[in-house]
Amino acid sequence: MQADNILITGGAGFIGSHCVLVLLELNYNVIVIDNCSNSFCEKSVSKPEALIRVEKLTKKTLQFFQADIQNCENLRNIFKEFKISCVIHCAAFKSVKESWDVPLSYYFNNISGSLNLLTVMNEFNIKKFIFSSSSTVYGEPQFLPITEEHPTGQNCANPYGRTKFMVEEILKDLSVSDKEWCIYSLRYFNPVGAHPSGEIGEDPVGIPNNLMPVISQVAVGKLKLLNIYGNDYDTVDGTGVRDYIHIMDLAYGHIAALVALLQENNLGVFKAYNLGTGSGTSVLQLINTFENVNNVKIPYKIVERRTGDTAASYCAVQLAKKELNWEAKYGITDMCRDAWNWQSKNPKGYQK
Ligand code: WQD
């Protein structure tokens, strides 16, 4: 039986590349679109380094197109060439801080990029869609653990989170207006870690904003120390609590969603699923685990809170377990071990 053709946008990024790896391992035909704005891509080679390594790890090949989802003609040419069964849409700008610096480019890239993609999909009658969403759509949690019924869009603390919320609203309207659309929105909590081989991992452009890459870069000596943004929250030790999820669990969560979506025969579907572990870990707990697992020291300084941060965020996991038959398997120890394995093997990320 002919394997399904899966198109993934942003497939050279941290989340995208790990999803591409598991899709190839499971014998899907994978077509990747990435504009390489967020992934290291030597001008002289045909594919981004992350995807070259994915092909080596899986001993499989993928189709790569350096293209921007802002360019409908590029998209059309790709859709003409392949009979796509489902699109996984990971391409987006994703820095909370940067989204305040350049909100217009975030709205333009994340929203109109999604609109272009959906428009071209519609032209080719491809209507199975997995959207890379985020826990930021929930804003300041009104209750914990956060279920998928928690209101979204209210007090989203930043333009980045609002772009994810707005695209979800567009997708809901689409699934009502045209019953052939089947859409799953995956709300990631805090993806961290790396493939156990240490060959692919998180390679932020510039100074990282997120905690785990900062810890890893301090550990490898790329950064001098970690600033802990506040220790006066109403949490176990005063520092921020988050639901960290191993990137491999997240990648398998996409597979579970894909399998369910390809079998989905309900019409006019929009379903959202939390992808998290259901447990919260504080900044200090993550630092301590990272130090103990990897036998390294992470010097830190307590500074003032970061604007827009919430005290605690972790999710309810029952829905994905029940409907996607998926749950996270890795713990914080695995996340710290694999994050360090990647960083220590690749002190400069994908750059040689
Ligand atoms: C985690 C905790 C910080 C850095 C964001 C997005 C979310 C997702 C993941 C895309 C907080 C503390 C952090 C540092 C620190 N991205 N911290 N010093 O803010 O929960 O989520 O990134 O989808 O959508 O909102 O993640 O890793 O930035 O912060 O003390 O140098 O670590 O205060 O408590 P966050 P984070």
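For ligands, and for the atoms within them, numbers begin at 1 and follow the listed sequence.
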Closest to atom 6 (C) of ligand 1 (heavy atoms only, candidates Val96, Asn231, Thr239) is Val96
Can you tell me if Phe93 has a non-hydrogen atom under 4.0 Å from ligand 1? no
Of the backbone atoms (N, CA, C, O) and the side-chain heavy atoms from C-beta on, which set of Val283 has a member under 4.0 Å from an atom of ligand 1: side chain, backbone, both, or neither? side chain
Looking only at N/O atoms, are Val214 and ligand 1 under 3.5 Å apart anywhere? no
Taking NZ, NE, NH1 and NH2 as the nitrogens, is one of them in Glu264 or Lys128 under 4.0 Å from a carboxylate oxygen of the other? no
Is a salt bridge present between Glu55 and Lys47, judged by a nitrogen-to-oxygen distance below 4.0 Å? yes
Quick check: Thr310 and ligand 1, any N/O pair under 3.5 Å apart? no
Can you find an N/O atom of Asn227 closer than 3.5 Å to an N/O atom of ligand 1? yes
Nearest heavy atom to atom 2 (C) of ligand 1 wins, so pick from Tyr229, Tyr233, Tyr244, Tyr300. Tyr244
Sidechain-backbone polar pair: Arg53 side chain, Glu199 backbone, donor-acceptor under 3.5 Å: yes
Tell me whether the NZ or CZ atom of Arg305 lies within the 45° cone about the ring axis of Tyr233 and under 6.0 Å from its centre. yes
Under 3.5 Å, side chain of Asn110 to main-chain N/O of Ala92, donor-acceptor pair present? no
Do the two ring centres, one from Phe189 and one from Tyr314, sit under 6.0 Å apart? no
In the protein, what heavy atom is nearest to atom 10 (C) of ligand 1, and what distance, to one decimal place, separates them? Tyr160 OH, 3.1 Å
Give the residue, atom name and distance (to 0.1 Å) of the protein heavy atom nearest atom 25 (O) of ligand 1. Thr136 CG2, 3.1 Å
Among protein heavy atoms, which sits nearest to atom 5 (C) of ligand 1, and what does the distance come to when rounded to 0.1 Å? Asn210 ND2, 3.8 Å
Identity of the nearest option to atom 8 (C) of ligand 1, non-hydrogen atoms only, from Tyr188, Phe14, Phe189: Phe189
Could you check atom 7 (C) of ligand 1 against the protein and tell me its nearest heavy-atom contact, residue, atom and distance included? Ser134 OG, 3.9 Å
In Å, rounded to the nearest 0.5 Å, how long is the span from OH of Tyr244 to SG of Cys336? 10.0 Å
Atom 27 (O) of ligand 1: which protein heavy atom is closest, and how many Å away? Leu211 N, 2.7 Å
Is the backbone N or O of Pro213 less than 3.5 Å from a side-chain atom of Asn210, with the two atoms forming a donor-acceptor pair by type? no
Measure the distance from atom 3 (C) of ligand 1 to every protein heavy atom, then report the residue, atom name and distance (to 0.1 Å) of the closest one. Asp309 OD2, 3.4 Å
For atom 4 (C) of ligand 1, what is the nearest protein heavy atom, given as residue, atom name and distance? Asn209 O, 3.3 Å
Just to be sure I read this right, does ligand 1 sit under 4.0 Å from the backbone of Arg306, its side chain, both, or neither, counting only heavy atoms? side chain
Distance from atom 20 (O) of ligand 1 to nearest protein heavy atom, with residue and atom: Arg242 NE, 2.6 Å
Distance from Phe124 atom CZ to Thr119 atom OG1, nearest 0.5 Å? 12.0 Å
Residue Ile228 vicinity, atoms of ligand 1 by number, heavy atom under 4.0 Å: 30 (O)
Is the shortest side-chain N to carboxylate O distance from Glu148 to Arg187 below 4.0 Å? no
Test of understanding: given a 4.0 Å heavy-atom threshold, classify the contact between Asn190 and ligand 1 as side chain, backbone, both, or neither. side chain
Tell me whether Asn158 contacts the main-chain N or O of Gly161 through its side chain, where contact means a donor paired with an acceptor under 3.5 Å. yes
Counting only heavy atoms closer than 4.0 Å, does ligand 1 sit against the backbone of Asn158, its side chain, both, or neither? neither
Can you confirm, on distance only, whether ligand 1 has an N/O atom lying under 3.5 Å from any N/O atom belonging to Lys94? no
Could you list the atoms of ligand 1 found under 4.0 angstrom from a heavy atom of Leu226? 14 (C), 18 (N), 31 (O)
Whether Tyr252 side chain and Ala328 backbone form a donor-acceptor pair below 3.5 Å: no
Decide if the gap between the ring center of Trp342 and the ring center of Tyr350 is smaller than 6.0 angstrom. yes
